[in-house]
Amino acid sequence: MSLIFSPSPHCSPSTIFQSAGMANKGPSYGMSRQVQEKIDSKYDPELEQILVEWICRQCGSGVGRPEPGKMGFQAWLKDGCILGELINSLFAGEKPVKKTQSSPMAFKQMEQISQFLNAAEKYGVTKTDMFQTVDLWEGKDLAAVQRTLSALGSLAVTKDEGTYNGDPNWFFKKAQENKRDFSDDQLKAGKNVIGLQMGSNKGASQEGMSYGRPRQIL
């Protein structure tokens with residue numbers, strides 16, 4: 001049986017096989033360890049509890065619950081299945097992730113994470129709020145994973161499309177653009193008003209204007 005993988009912007013085939021080979025790498029030392037410790041310090045245990053509660057409400061009891069802590073959180077989401085269910089639950093119509101299935105194969109897990117990221121971007125999560133596949137799969141930056149899920153929750157609360165399940169106070173509402181469309185006549189009328197407000201200097205001169213005493217040169 002042959003397996004076909006379609007690369008995506010978030011997860012290239014080269015990244016997949018490099019990451020698969022790095023999955024069991026040993027501990028970091030020196031500067032790399034310091035950097036990793038700094039990244040790990042950004043992980044928020046309280047936010048983890050909110051995200052877990054939201055995902056369980058959004059997806060149902062079938063997703064279970066992770067062991068407390070970032071390692072349990074990573075293991076819970078690592079194969080991409082729960083993430084696929086989560087993003088699908090926010091779309092009222094056609095589901096963006098067509099199929100998710102548990103698999104022990106690294107490339108399949110990473111492909112499903114990538115599908116979630118593509119669907120989250122389609123939903124409205126900005127690229128700056130998006131984690132990278134290896135951030136979750138290799139546990140490189142689980143704080144970034146939290147940031148993406150928080151942005152997703154905020155969007156769901158803001159859109160208020162009836163697909164969000166959970167306490168709306170868990171996430172803040174994003175500021176929405178107040179876009180207005182004006183007709184050509186309205187735009188022309190606005191320009192005339194601006195012209196009158198600015199006044200006119202037609203026919204004006206400096207005659208009769210005084211600027212104080214002239215400077216005397218001795």
Side-chain angles (χ1 to χ4, degrees), residues 3-23 36 39-40 42-44 47-48 50-52 54-60 63 66 70-159 161 163-166 170-172 174:
L3 296 171
I4 300 175
F5 171 75
S6 299
S8 72
H10 298 286
C11 186
S12 65
S14 60
T15 301
I16 287 175
F17 293 114
Q18 289 173 6
S19 300
M22 295 170 64
Q36 188 61 49
I39 292 172
D40 291 344
K42 296 179 181 179
Y43 185 82
D44 188 341
L47 179 56
E48 174 196 306
I50 292 174
L51 292 172
V52 168
W54 174 48
I55 292 171
C56 288
R57 294 236 198 135
Q58 197 71 41
C59 300
V63 297
K70 65 181 180 180
M71 299 308 294
F73 189 68
Q74 180 207 12
W76 191 47
L77 301 176
K78 183 178 177 180
D79 68 0
C81 290
I82 293 175
L83 293 177
E85 289 187 42
L86 174 64
I87 194 64
N88 278 348
S89 71
L90 296 175
F91 282 79
E94 185 178 358
K95 306 303 182 184
V97 178
K98 302 304 179 185
K99 184 180 180 181
T100 59
Q101 63 181 42
S102 181
S103 171
M105 303 184 70
F107 82 90
K108 182 62 179 176
Q109 294 178 359
M110 297 173 79
E111 179 186 20
Q112 292 185 155
I113 295 172
S114 181
Q115 288 175 349
F116 162 78
L117 292 171
N118 289 330
E121 187 174 338
K122 180 180 178 182
Y123 189 72
V125 178
T126 61
K127 289 184 179 294
T128 54
D129 284 331
M130 205 78 71
F131 71 84
Q132 299 296 312
T133 301
V134 293
D135 291 337
L136 172 58
W137 199 83
E138 292 186 12
K140 284 186 173 293
D141 191 352
L142 294 174
V145 178
Q146 288 187 319
R147 184 173 64 247
T148 300
L149 293 174
S150 294
L152 186 63
S154 293
L155 270 174
V157 170
T158 304
K159 289 186 175 187
E161 296 173 332
T163 57
Y164 176 82
N165 292 319
W170 285 341
F171 306 103
F172 68 90
K174 289 182 176 291

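Quick note: residue numbers are just sequence positions, from 1.
The two residues Leu47 and Gln146 come nearest to each other via the heavy atoms CD2-CB, 3.8 Å. Closest approach of Ser102 and Asp79 over heavy atoms only: OG-OD2, 3.7 Å. In terms of heavy atoms, Tyr164 sits closest to Ala156 at CD1-CB, 3.7 Å. Across all non-hydrogen atoms, the minimal contact from Tyr123 to Leu152 is CD2-CD1, 3.6 Å. Listed here is the closest heavy atom pair of Val97 and Asn88: O-ND2, 2.9 Å. In this structure, Gly84 and Thr100 approach most closely via the heavy-atom pair CA-CG2, 4.0 Å.
In this structure the side chain of Ile113 never reaches within 4.5 angstrom of the side chain of Leu77, judged on heavy atoms. Counting only heavy atoms from C-beta outward, the side chains of Pro96 and Asn118 never approach each other to under 4.5 Å. Between Val145 and Leu51, every side-chain heavy-atom pair lies at or beyond the 4.5 Å cut-off.
A distance of 13.0 Å separates SG of Cys81 from CG of Leu86, quoted to the nearest 0.5 Å. Rounding to the nearest 0.5 Å gives a distance of 12.0 Å between OG1 of Thr133 and CD of Gln109.
Under the side-chain contact (heavy atoms from CB on, under 4.5 Å) criterion, Ala120 pairs with Ile87, Phe116, Val125, Met130, not counting sequence neighbours. In this structure, the side chain to side chain donor-acceptor pair (under 3.5 Å) partners of Ser89, at least two apart in sequence or on a different chain, are Gln58. Not a single side chain to side chain donor-acceptor pair (under 3.5 Å) links Trp76 to another residue, sequence neighbours left out. Applying the side-chain contact (heavy atoms from CB on, under 4.5 Å) test to Ala144 and every residue at least two apart in sequence or in another chain returns Phe131, Asp135, Asp141, Arg147. For Thr163, there are no side chain to side chain donor-acceptor pair (under 3.5 Å) partners at least two apart in sequence or on another chain. With sequence neighbours excluded, the residues satisfying side chain to side chain donor-acceptor pair (under 3.5 Å) with Tyr43 are Glu48. Every side-chain contact (heavy atoms from CB on, under 4.5 Å) that Lys108 has, sequence neighbours left out, goes to Gln101, Ser103, Met105, Glu111, Gln112. With sequence neighbours excluded, the residues that form a side-chain contact (heavy atoms from CB on, under 4.5 Å) with Ile50 are Trp170, Phe171.
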Stepwise side chain to side chain contact (heavy atoms under 4.5 Å, CB included) check, Leu155 with Leu90: CA-CA 10 Å; Leu155 270 174; Leu90 296 175; over 6 Å; no
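Applying the salt bridge (Lys or Arg N to Asp or Glu O under 4.0 Å) test to residues at least two apart or on different chains, the pairs with a partner in residues 82-101 are Glu94-Lys98.
When atom types are taken as modelled, the side chain of Ser114 and the backbone of Met110 share no donor-acceptor pair closer than 3.5 angstrom. Looking only at distances, a side-chain donor or acceptor of Gln74 sits under 3.5 Å from a matching main-chain atom of Trp137.
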